[in-house]
Amino acid sequence: MARLRFPLIMAVALFLAGLALMAALKDRHYMLLSLVLLGAALLPVFLRLERRRLESRELVLLAVLSAIAAVSRIPFAALPSVKPVSAIIMLSAYVFGAEAGFIIGAVAALVSNIYFGQGPWTPWQMFAWGMAGLSTGWLRNSWWMRKRAGMLLFGFLWGFLFGWIMNIWYIISLPDAFSWGLVAAAYASSFYFDLAHAVSNVFFLAVLAGGWTSVLERFRRKYGLLKE
Amino acid sequence: MSSGFRAMHPAVALLYYAGLLLFAALLMHPLFLITELVGVMLLLLLQGQGKQLLRGLPFYLLMAGSVALLNPLFSHRGAHILFYLWDQPVTLEAVLYGLIMMLVLLTIFMVFLSYNYTVTTDKFMYAFAAAAPKTALLTLMAIRFIPLFQRRLHEITMIQRFRGIDVSKGSLRKRMRDGMTLMKVLLTWSLEEALQTGDSMKARGYGIRRRTTYSTFVLDRLDTTALLLLVISGLIPLILWMLGYGTFEIYPRMRPLVFGGGEALMYTSFCLFVLIPAGLEGKEIWLWRSSRRKAYPSATPELNGTRSMSSPSQ
Amino acid sequence: MLMGPSGGGKTTLLRQLKRELTPVGTGSGIVRYAGLTLAGLPAERAAAEIGMVFQNPDAQIVMDTVWHELAFGMENLGYPPQVMRSRLAEMAGLFGLEPLLYKPVHELSGGQKQLLNLASVLLLQPKLLLLDEPTSQLDPVAAREFIQTLHRLNEEMSMTIIISEHRLEEVLPLADRVLLIENGVLKAACPPRELVSRAGEEQALAVQAYMPTAARLYLELPAQENSLSRPGFIPLTVREGRRWLHDYAAAASLGLPGSGVAGPACIPAAALVPGDDSEIMHPHKPDKKLPLLSAKEVTFRYEKEGREVLRKLNLTLYQGELLAVLGGNGAGKSTLLHVLSRMVKPQRGKVVAAPGITAGFLAQNPLLYFSYDTAREELQHMAAAARLAPDEAGREISRLAEVFELGQVLENHPHDLSGGQQQKLALAMVMLLKPAVLLLDEPTKGLDPAAKVRFAGLLALLRSQGMSIAVVTHDVEFAARYASRCALLFDGSITAEGSPEAFFSSNYFYTTAVNRMVRDLLPAALTIEDVMTAWHVYASR
């Protein structure tokens, strides 16, 4: 059974992909197609993780940061839509790079939903937070990201981007109503949440940037972790 | 504690929920969707998840209901115009499509609700441990850390209050800043300890060779039977759907629903698929009841708790 | 058994023996395992045959449930499922882990976690087991159980065990060989009894601090002809010590009366016994009893439906005293301190403090206090939180740094300090709040004997400045030695309290090793010094 599992899962995945493609072409069932596309987006990074030789300390580090990001929802439970998860993921990515950022983001989403409840939003959250980490990691050496203002702006942008990505799965369920009007309506309805997210990102990044990067850098130096 | 469907092999549960999601996304047919919705809700009730269902219902209705409302407002395709709103036609097709999408979303929410109860973390991990061992290991470690960090955070919150760091007092700005100070203490402490975790992994041979997986799940005959039944009863409607049966065409012009022999076969098989777990669950409940009546006439039912994040780990 | 002061190189030595954990650095010399150099050992043998258990029970656990954690090592080594299953079944049976198998690890107690860590290592069937202070974070009951398990492994499986430990009373008598390591140098390597006799000959006080009580008493009392006439007989355990002491008393021509009734019931506190810490022991009770902080009929529970952790508890803390609150695991000792320091509010009853009094609380884990990059910053921020004026803060910080011997490390990162220094830094931070009452949660956990004496000296200093201190502890010896009053917390309330002499001598099991040894002869003697005083009284008669 154990040996069969991998090919079995691959076969099921391929089957689902084909089915989704067919469904999308035939009846415009974009929901299924979008899931398959999401899977395709998440797969390469996780495949790389599987292939890569990871020291035990590095693996623990990734797990700790993911869990910290997930737990960080707790002290702010009293303040609605103020969640430092994105900021923590972006800072981790800033220090440890794109790949680590993506994994921390995706795993944080998956793990926190084990407690808050999985739903159709899980893969989208994994994707959105993963991408937040990935993009921060990619851009961390650019001149404007090195500047404080650039980083804060980036965090602000991701506040909105996150909300927009999370809107997609909702919009996709109405392929025929798709119009700029619908998009505008969906995005207008989530505007205040997104704004709060964006502003709290800026705040958290501004507060955290110094302290947290120095903590993370200290560990990186002290133990030579995750050198790219 | 697990019993009934929850106690079965993870493969059964995963296949079942994957099938349900697939059908919910593919079969845009009111009869099938309502059947699936009712079937899953029945399973939820049998699993004793009625409270969870009620708690989540307002949110689900809001989300799904808004779809039903938004579609006719933004989609104007269709031949049967009901009335005009702000100079825009509202068509019967768009209304129907919106309603069907509402059903789809509701069904998906219900499926996940049941999934959250049935597929516990170790079952989920079991399925992925072979395909992606490192990812599974990483996720499991993160899951292990969460209750530990919660407890640590609780301690830190208590202690740091002495130095005036308190999330429940002061301006929003100060509260957010204080919250992050608490998180930073947690981060530094946890990273320091995590190095010991890393050592303990290494000491037990992590990274020497490809990991095997130990599992507590055994595929027994009931599991195999259920798997087989699910596969067969699931494939029949899927194949028939590919052949064009059981479709409900709305756009560009609504066609009346047809229900012929093909549909009948498809529907029967579909019902079987949807109801297998509820049947298993029901049978077990019935067995317990009758055995208790026989063995301990005065016994009272006991409540079983489940693991959840809201209860503090003290 | 490895022993010696903290920071002397015990951990480094153990890590040299475990190839995967050998620290980075320059080294010379060869470690051989079963005829092979450690570096030449195949990776799988090195991982499986040399097992290691560390200090902190929580930090070693990797997986989320007990069975998963047990399987972790075997999965790493790629054992087939059938092998894993049967080994796991065997081990769960041996350790009685079956009822815990499906529990998430965070529901286990500290002792259970450490047993789980041990079991997880044993599943790889090691031939050599390395343990680095495995019981330092456990309470005495769990620690004893853990050590008994090790003893069984050693006796029944003939497993080689190398353990570094501060808990000498239990471990030393079981050891075949004792290695004393100080400042990275091997000071002695011999059987325990030989070490004791050697320590007696050399009069090395530092070594004597590491002897079990029976052996220390043996060395302290003037040598007698007939007990030394039996070569190789040196008492290590309470049983041996008691037997020897009875012989000793009988042999002394007039003899201490065997009945015990006529023994000196009250021991003069001002004992003129030479010893490094005698002046901080058993200090006078304060003349005027000024209550500073009291709990009145306090009832507390964590959850609405939870059990009552504290139940109608009454306790008063007076000025200038050192109150030791003892009690079993989960008796609510920490909760009591949380209530007294007003971190949590009791559901019923109240905590009354004398006007203008603040209480400082020192948690078990000093890491909870640190959030800045250097020790100095921590202190400065704490001073700001305590609303001290900048120049006053500066003075206060340098004064505290001197008292707590932190001057050298003020610019270091708090996490890079040693455990003892971290504790002192956290204590210094608490002191900035200028508390009149200090509440300490298990302050001696994990400290080596010498550090304990130093810590007690610090407490005595604070008390001499008029501070009163409450300590909750498992450490009977510490309470008996340094407390001015002891109280027992049981079932949510204080069931017994009194001076250490009265408190412990009325207990039968829950008392110091010395008391258990000499109780028939000197029922009120709690420490070696007490016995010595009695002996002097006897000798001068």
Side-chain angles (χ1 to χ4, degrees), chain A residues 1-2 5-6 9 16 19 23 27 29 31-32 46 49-50 53-57 59-64 66-68 70-72 74-76 78-79 82 84 88 103 107-108 110-111 114-120 173-174 176-177 179 181-182 185 200 203-204 207-208 211-212 215 219 223, chain B residues 22 25-26 28 67 70-71 73-75 77 94 97 101 104-105 108-109 112 115-116 121 127 130-135 137-139 141-143 145-146 149-150 153 157 167-168 172 175-177 179-180 182-184 186-188 190-191 194-195 197-198 201-202 206-207 213 219 251 308-309:
Chain A
M1 186 69 195
R5 247 181 295 161
F6 183 63
I9 288 173
L16 277 180
L19 205 64
D27 281 338
H29 290 286
M31 211 188 270
L32 210 56
F46 281 106
L49 173 75
E50 292 296 328
R53 198 182 150 70
L54 266 183
E55 276 295 313
S56 60
R57 280 180 172 182
L59 200 65
V60 182
L61 177 87
L62 291 177
V64 166
S66 309
I68 293 251
V71 167
S72 72
I74 296 168
F76 300 94
L79 310 171
V82 175
I88 292 177
I103 287 163
V107 173
L110 181 67
V111 169
I114 283 172
Y115 289 98
F116 289 99
Q118 307 282 3
S173 60
L174 301 173
D176 282 287
S179 64
L182 176 72
S200 60
F203 180 86
F204 285 130
V207 173
L208 294 179
W212 280 53
V215 170
F219 275 93
Y223 301 101
Chain B
L22 193 65
L26 288 180
M28 307 275 275
V67 170
L70 280 176
N71 194 55
L73 287 182
F74 288 99
S75 166
R77 290 176 65 192
Y97 189 85
M101 271 337 276
V104 170
L105 282 187
I108 290 179
F109 287 135
F112 270 105
Y115 168 93
N116 280 334
T121 332
K134 266 188 201 147
T135 315
L137 181 61
L138 173 63
T139 315
M141 286 165 67
I143 291 169
F145 282 137
I146 283 182
F149 289 0
Q150 273 181 293
L153 198 59
T157 312
V167 193
S168 60
L172 181 69
R175 286 161 72 183
M176 284 167 75
R177 190 187 293 274
M180 289 327 283
L182 299 182
M183 289 307 297
K184 189 179 153 189
L186 177 66
L187 175 82
T188 325
S190 300
L191 282 177
L195 295 166
T197 315
M201 289 171 72
K202 233 176 147 182
Y206 169 81
T213 45
L219 202 69
Y251 292 132
S308 77
M309 197 176 198

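Every chain is numbered from 1 and lettered A, B, ... according to where its sequence line falls, protein lines coming before strand lines.
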Check your understanding: What's the shortest heavy-atom distance between A:Ser56 and B:Gly198, and which atoms?
Key -> OG-O, 3.0 Å
Exercise for review: Taking all heavy atoms of A:Phe204 and all of B:Met180, pick out the closest pair and write down the distance.
Suggested key: CD2-CG, 3.3 Å
Review point. CG of A:Leu59 to CE of B:Met141: how many Å apart, nearest 0.5 Å?
Key: 4.5 Å
Review point. Distance from B:Thr139 atom OG1 to A:Leu110 atom CG, nearest 0.5 Å?
Key: 5.5 Å
Exercise for review: Locate the shortest heavy-atom distance separating B:Ala142 from A:Ser66; write the atom from each residue and the value.
Suggested key: CB-CB, 4.4 Å
Check your understanding: Is it the side chain or the backbone of B:Leu153 that comes within 4.5 Å of chain A heavy atoms, both, or neither?
Key -> side chain
Exercise for review: Provide the closest heavy-atom pair for B:Tyr206 versus A:Glu55 in the form atom of the first, atom of the second, distance.
Suggested key: CE2-C, 4.3 Å
Check your understanding: To the nearest 0.5 Å, what is the distance between CG (B:Leu195) and CG (A:Leu61)?
Key -> 8.5 Å
Exercise for review: Over all heavy atoms of both residues, which pair between A:Val64 and B:Phe145 is shortest? Give the atoms and the distance, please.
Suggested key: CG2-CE1, 3.6 Å
Study note, to complete from the structure: Answer key: most heavy-atom pairs under 4.5 Å with chain A among B:Thr197, B:Leu191, B:Thr188 is B:Leu191
Practice item. Could you grab the distance from atom CG of A:Leu62 to atom CG of B:Leu138, nearest 0.5 Å is fine? Key: 5.5 Å
Check your understanding: Is any side-chain heavy atom of B:Met201 closer than 4.5 Å to a side-chain heavy atom of A:Arg57?
Key -> no
